[in-house]
Amino acid sequence: MKLATWNINSLAVRLPQVLDWLAANPVDALGLQELKLVDEKFPFDALKEAGYHAAAFGQKTYNGVAILSRTPITDVVRNIPQHTDDQSRVIAGTLDTPDGPLRLVNCYFVNGQAPGTEKFAYKMRWLEALHRWLQEELKVHRRLVLLGDFNVAPEDRDSYDPVGLKDTIHHTVEERQHFQALLQLGLTDAFRLFDQPEKSYSWWDYRMLGFQKNRGLRIDHILVSEALRGRVIACQIDRLPRKNPQPSDHAPVVLTLG
DNA sequence: ATGTCGTCAGTTTGACGA
């Protein structure tokens with residue numbers, strides 16, 4: 001089966017591209033981030049016609065996440081339990097698969113703006129809360145996938161300019177330590193289970209011809225629990241949609257499980 | 001190189017977030 005993540009930077013603008021991509025890439029489930037719309041405006045009908053169930057957690061203007069799935073989504077959780085947050089950043093759900101239930105946790109991690117800002121402090125608090133919750137979630141769900149826009153470039157090779165951007169947002173030691181802490185829960189970065197092309201990125205700034213010059217970051221990730229690690233067959237970034245007219249600044253990442 | 005998008009308030013432009 002195939003699972004994917006894609007920050008689409010406004011579902012209102014990008015719905016046609018999402019439908020086109022799903023037609024060409026009929027994945028079993030897709031986690032979306034940055035919907036930028038309220039649930040009343042979520043396109044349940046268009047997605048149903050495309051063959052997908054959906055669970056949404058939106059808000060006005062900013063943030064917003066959703067899970068699309070070929071099969072029904074159960075036990076849906078919105079945001080991190082016992083962590084007060086007025087921003088819609090997390091949606092989790094359980095999918096039925098031939099090998100049993102699979103827990104999908106789809107997150108739009110905090111951007112954090114810059115070290116030393118209040119937004120960065122919020123990012124740190126959010127990351128701590130996510131870690132605490134996932135520790136519990138992993139005890140209940142052996143087969144768990146954590147995916148989304150992490151807003152962290154885990155290693156220098158995940159950045160087009162690790163020297164020039166050292167200690168800036170997405171690159172700080174603190175953010176990378178939080179990423180490592182997630183791995184220490186038993187999660188594995190599926191992308192790095194395989195040989196990958198050098199300079200593989202999932203996000204490119206709209207400005208300064210970022211994509212054309214491949215000045216990007218790998219900040220969209222798919223992490224799998226120990227029980228799933230041996231089932232991972234492939235993990236790839238699909239750069240094609242970034243070439244579309246009016247693209248999202250992020251590309252989808254696709255995981256194949258056997 | 002304060003570079004480009006998307007959204008909103010509220011009027012055709014600026015503020016904010018990324």
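We name chains A, B, ... by the order of the sequence lines, and we start the count at 1 in each one.
Taking atom C1' in both B:dT13 and B:dA1, one finds a spacing of 23 Å when rounded to whole Å. Rounded to whole Å, the separation between the C1' atoms of B:dT12 and B:dT7 comes to 15 Å. Comparing B:dC16 with B:dG10, their P atoms are spaced 14 Å from each other, to the whole Å.
Residues A:F120 and A:E174 have side chains in contact (heavy-atom distance under 4.5 Å, counting atoms from C-beta outward).
Going from atom CZ of A:R207 over to atom P of B:dA18 covers 12 Å, rounded to whole Å. In this entry the distance linking CD of A:Q33 with C1' of B:dG17 reads 16 Å, nearest Å. Atom CG of A:N63 is separated from atom P of B:dG6 by 17 Å (rounded to the nearest Å). Going from atom NZ of A:K119 over to atom C1' of B:dA18 covers 9 Å, rounded to whole Å. Atom pair A:E34:CD and B:dG6:C1' shows a separation of 9 Å (rounding to whole Å applied). Atom CG in A:N7 sits about 12 Å away from atom P in B:dG6, given to the nearest Å. When the C1' atom of B:dT7 is taken as reference, atom CG of A:L35 falls 14 Å away, rounded to whole Å. Distance A:E118 CD to B:dC16 P: 16 Å, rounded to the nearest Å.
Between A:E40 and A:K60 no salt bridge is recorded (no basic side-chain N to carboxylate O distance below 4.0 Å). Between A:R176 and A:D156, at least one side-chain nitrogen of the basic residue sits less than 4.0 Å from a carboxylate oxygen of the acidic one, meeting the salt-bridge criterion. Comment: A:K139 engages A:E136 in a salt bridge, judged by a side-chain N to carboxylate O separation of less than 4.0 angstrom.
The side chain of A:T61 contributes no N or O atom lying less than 4.0 Å from OP1 or OP2 of B:dG17. In terms of phosphate contacts, A:K60 brings no side-chain nitrogen or oxygen within less than 4.0 Å of OP1 or OP2 of B:dC8.
Comparing A:N111 and A:V13 by the nucleotide of DNA chain B that holds the closest heavy atom to each, the one mapping nearer the 5' end is A:V13. Residue whose closest nucleotide on DNA chain B sits further toward the 5' end, between A:H250 and A:D205: A:D205.
When heavy atoms are screened at a 4.0 angstrom cut-off, A:Y108 is found touching the sugar-phosphate backbone but no base atom. Nucleic acid contact for A:R14: sugar-phosphate only, since backbone atoms but no base atoms lie under 4.0 Å from a heavy atom of the residue.
When each of A:L165, A:I219, A:V152 is checked for a side chain to side chain contact (heavy atoms under 4.5 Å, CB included) with A:H170, only A:I219 meets the rule.
With distances taken from any side-chain atom of A:K36 to the nucleotides B:dG3, B:dG17, B:dA18, the minimum falls on B:dG17. Comparing atom distances between the A:K213 side chain and each of B:dA1, B:dC5, B:dC8 picks out B:dA1 as nearest.
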